[in-house]
Amino acid sequence: MEKLIDIISQKVRQAFADCGYDKEYGAVSVSNRPDLCQYQCNGAMAAAKQLHKAPIAIAQEVTAALSKESMFALCEAVKPGFINMTVDAAFLAQYVYEMSKQEKFGILQPQKPRTIVIDYGGPNVAKPLHVGHLRSAIIGESVKRILRYAGNKVIGDAHLGDWGLQIGLIITELKARRPELPYFDDAFTGEYPKEAPFTMKDLEEIYPYASAYSKEHEEYKEEARHATFLLQNGHKGYYALWKHIMTVSLNDLKQNYKKLNVEFDLWKKESDAQPYIPDMVQKMKDEGYAYISEGALVVDVKEETDTKEIPPCMILKSDGATLYNTTDLATIVERMKLFSPDEIIYLTDKRQSLYFEQIFRCARKTHLVKEDTKLTFLGFGTMNGKDGKPFKTRDGGVMRLEQLIREIADEVYKNMQDRDMPEEEIRQVAQQVGLAALKYADLSNQASKDYIFDLERFSSFEGNTGPYILYTMVRIKSILARLEKEEDTQVPPSLRERSKDEINCLLTLGRFPDMLERAAAELAPHKVCQYIYELSNVFNSFYHNNKILTESDATKRTEWIGMIRTTLAVLQTCIDLLAFEAPDRM
Ligand code: ARG
């Protein structure tokens, strides 16, 4: 289906042409004065400048030409030369009705879907998930769903950090604690045990301990570095330990992401890219891109137009060890080989933006990607505490994800204590609503911005919050639940008069396709949030001013029911895109 704004634009462009002006002047935008009109066109002003005519005269000619169009309830020229338009309510109702009958509300699907790899989550195995990885998972999951809904072929990859110093640290600490294990006996030739010599709980204690200890003891850190190096170069015992670490922590990670409603298509790891490194490095050397600088192998990535210093991209350290960079470049090689994507999108904290700039430039310069492969970095801001500093627990530690979810669910639970529902259901709903509160709070801000974590505000049932959106959906569900079976029919709308509230609701519904297209183009879940907040507001004001179920005019009643059903369907689609769920009551 064509977007509402495009239908209007076409009419206005045609009217400009009919009056002998360039069509291009007929561009239409959503009105910035919704109290006056729904849409506006400022083209008469631009045309007047070019043609040395009075803008209002041009606007009047164009509105006269548009007056034959039945789709407008209002179309007027306003000084100095605006064209203000409001769509006829019955036209709008018909548009929304048709939208509601189509798959995906009639949004246009691309002729040739693009293949997009999205690299998000990025947890490091053996380290517990904390809020630092939370935003990547929440925003990435939503961006993935939005792009997929818009008709792209999207592959979401967790890109596990499984190959870095953290593994070396764990191995080193394990060796200190249990030197008798066969993994540390170089003369051992038997089969290593099937069972891991540790649990997830152990790992959660070992890693922070080893990490802290290494910061105080350089020789320990050196040992951990060496262990990492040995692992990466095929040390048998360490490799077997690494396998155990992977099994134990992957299991834990999968459970955690499931709780968050985050579903990866791929659980690829940094180590999966290792086989691609030797050829990639050789090629970079052969083609003269990589050279030795202070012992390390580097590729220059600075460009003449740079206003700040962009350091060279390091490919190998002086001891030949690979780095985070090397892995990321080799992962690009792997992804090109496996999926030949049109675009790769990375989601990390925006502090990695210079790093990705180097990687992207290096990948382009050394032709790891096709000329037209888009490489996109979506950097997000920090979640801060009320003091404006990165969020910490009450005792000053880094907040664990599970703890965070628990706290927010408890807060929602507090808001629900007077409910006439079984205790168990309240607990369960609080959990669901809590997750929505957290995700909505995160997604409703522009990703690149920092935001303040405010438990009470996020969990409130009023205002621009997840619970408010869910509450609106529950309200519609409860109206629909009271209908008789035979009322379950959608009918084409009549020509009757409609109230302002009803029109606002229809208009907002009619803007869904436009909103979705923008959210996908700008990788912007906050547009979806903004939209459902608006839709909830217009619905709630319609709801407060009308008695839907007891309305005596049968036509009205049926049409209203159709409209609120569409409202629920659109809200449901949008929360799916944001990756949270609504209960049936709350
Ligand atoms: N594991 C990394 C971290 O914790 C994030 C990975 C992001 N993705 C990537 N391809 N580098 O910071």
Side-chain angles (χ1 to χ4, degrees), residues 116-141 143-144 154-170 203 207-208 211 228 232 242 245-246 249-250 252-253 256-257 260 262 264-274 276-277 280 313-315 322-339 341 343-364 368-369 373-383 390 398-401 447 523:
I116 303 170
V117 172
I118 160 160
D119 176 317
Y120 70 112
N124 301 313
V125 294
K127 296 196 209 175
L129 270 187
H130 60 70
V131 289
H133 291 106
L134 181 68
R135 296 207 75 192
S136 178
I138 291 180
I139 303 168
E141 180 68 21
V143 169
K144 181 190 78 180
V154 192
I155 303 155
D157 182 6
H159 195 69
L160 297 166
D162 68 332
W163 210 230
L165 184 63
Q166 83 266 30
I167 309 284
L169 282 165
I170 292 173
L203 286 182
Y207 173 74
S211 167
T228 313
Q232 295 180 348
W242 169 81
I245 297 175
M246 287 307 289
S249 47
L250 204 57
D252 181 68
L253 279 174
N256 267 301
Y257 282 117
L260 276 178
V262 170
F264 297 104
D265 305 297
L266 290 178
W267 288 85
K268 285 274 200 186
K269 316 178 285 302
E270 289 179 357
S271 62
D272 289 324
Q274 302 310 306
Y276 295 89
I277 292 177
M280 178 184 83
C313 186
M314 202 193 286
I315 310 293
T322 59
L323 310 95
Y324 187 46
N325 306 17
T326 329
T327 299
D328 258 324
L329 290 164
T331 303
I332 293 180
V333 174
E334 183 189 24
R335 286 175 177 156
M336 292 310 290
K337 178 168 174 231
L338 299 180
F339 312 111
E343 181 170 5
I344 308 177
I345 302 173
Y346 296 83
L347 274 111
T348 80
D349 187 303
K350 66 184 175 200
R351 280 172 288 193
Q352 292 193 32
S353 89
L354 172 64
Y355 167 76
F356 277 103
E357 182 64 38
Q358 289 174 295
I359 294 295
F360 292 174
R361 286 185 183 191
C362 182
R364 278 203 188 293
L368 303 185
V369 293
T373 309
K374 206 169 157 192
L375 296 171
T376 305
F377 175 65
L378 198 71
F380 47 81
T382 317
M383 181 167 117
V398 177
M399 178 71 104
R400 295 275 308 273
L401 195 58
L523 310 178

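In what follows, residues are counted from 1 in the order of the sequence shown. Because the structure is predicted, anything quoted here is derived from the model rather than measured. Atoms within a ligand are numbered from 1 in the order they appear, just like the ligands themselves.
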With heavy-atom distances below 4.0 Å as the criterion, list the atoms of ligand 1 near [X].
| X | answer |
| --- | --- |
| Tyr324 | 2 (C), 5 (C), 6 (C), 7 (C), 9 (C), 11 (N) |
| Gln352 | 12 (O) |
| Thr348 | 7 (C) |
| Tyr346 | 10 (N) |
| Phe356 | 9 (C), 11 (N) |

>> Counting C-beta onward and ignoring hydrogens, is there a side-chain heavy-atom pair between Ile332 and Ile359 closer than 4.5 Å?
In response: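 Ile332 reaches Ile359 side chain to side chain.
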> Does the side chain of Val143 come within less than 4.5 Å of Tyr120's, by heavy atoms?
Replying inline: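 No - every pair of side-chain heavy atoms lies 4.5 Å or more apart.
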> Going through the distances and angles, do Tyr257 and Phe264 end up as a ring-ring contact (aromatic ring centres under 6.0 Å, His included)?
Replying inline: CA-CA 9 Å; Tyr257 282 117; Phe264 297 104; 4.9 Å; yes
> Can a donor-acceptor pair be found between the side chains of Asp328 and Tyr355 at a distance below 3.5 Å?
Replying inline: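 The criterion, which ignores hydrogens and geometry beyond distance, is satisfied for Tyr355 and Asp328.
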> At a non-hydrogen distance cut-off of under 4.0 Å, which region of Leu347 contacts ligand 1 (side chain, backbone, both, or neither)?
Replying inline: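 Contact part for Leu347 vs ligand 1: neither.
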> What do we get for Trp163 next to ligand 1 when only non-hydrogen atoms under 4.0 Å count, side chain, backbone, both or neither?
Replying inline: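 Near ligand 1, Trp163 shows nothing, with every heavy atom at 4.0 Å or more.
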>> Looking only at protein heavy atoms, which one is nearest to atom 10 (N) of ligand 1, and what is the separation?
In response: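 It is Asp328 OD1, 2.7 Å.
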> What's the shortest distance from atom 8 (N) of ligand 1 to any protein heavy atom, and which residue and atom give it?
Replying inline: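 The protein heavy atom lying closest is Asp119 OD1, 3.0 Å.
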> Is ligand 1 less than 4.0 angstrom away from at least one heavy atom of Tyr355?
Replying inline: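 Contact check Tyr355 vs ligand 1: negative.
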> Taking both backbone and side-chain atoms of Gly122, is any N or O found less than 3.5 Å from an N or O belonging to ligand 1?
Replying inline: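 Yes, Gly122 has an N/O under 3.5 Å of an N/O on ligand 1.
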>> For the backbone of Val125 and the side chain of Asp162, can you confirm whether one donor and one acceptor N or O come within less than 3.5 Å of each other?
In response: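 No.
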> Under 3.5 Å, is there a donor-acceptor pair between the side chain of Ser136 and the main chain of His133?
Replying inline: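 Side chain of Ser136 to backbone of His133, a donor-acceptor pair under 3.5 Å: no, none is there.
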>> Taking Glu141 first and then Lys144, would you say they form a salt bridge - that is, a charged N and a carboxylate O separated by under 4.0 Å?
In response: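 Salt bridge: yes.
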> What is the ring orientation for Phe356 with Phe377, classed by angle as parallel under 30°, tilted 30 to 60°, or perpendicular over 60°?
Replying inline: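 The arrangement is parallel - the two ring planes meet at less than 30°.
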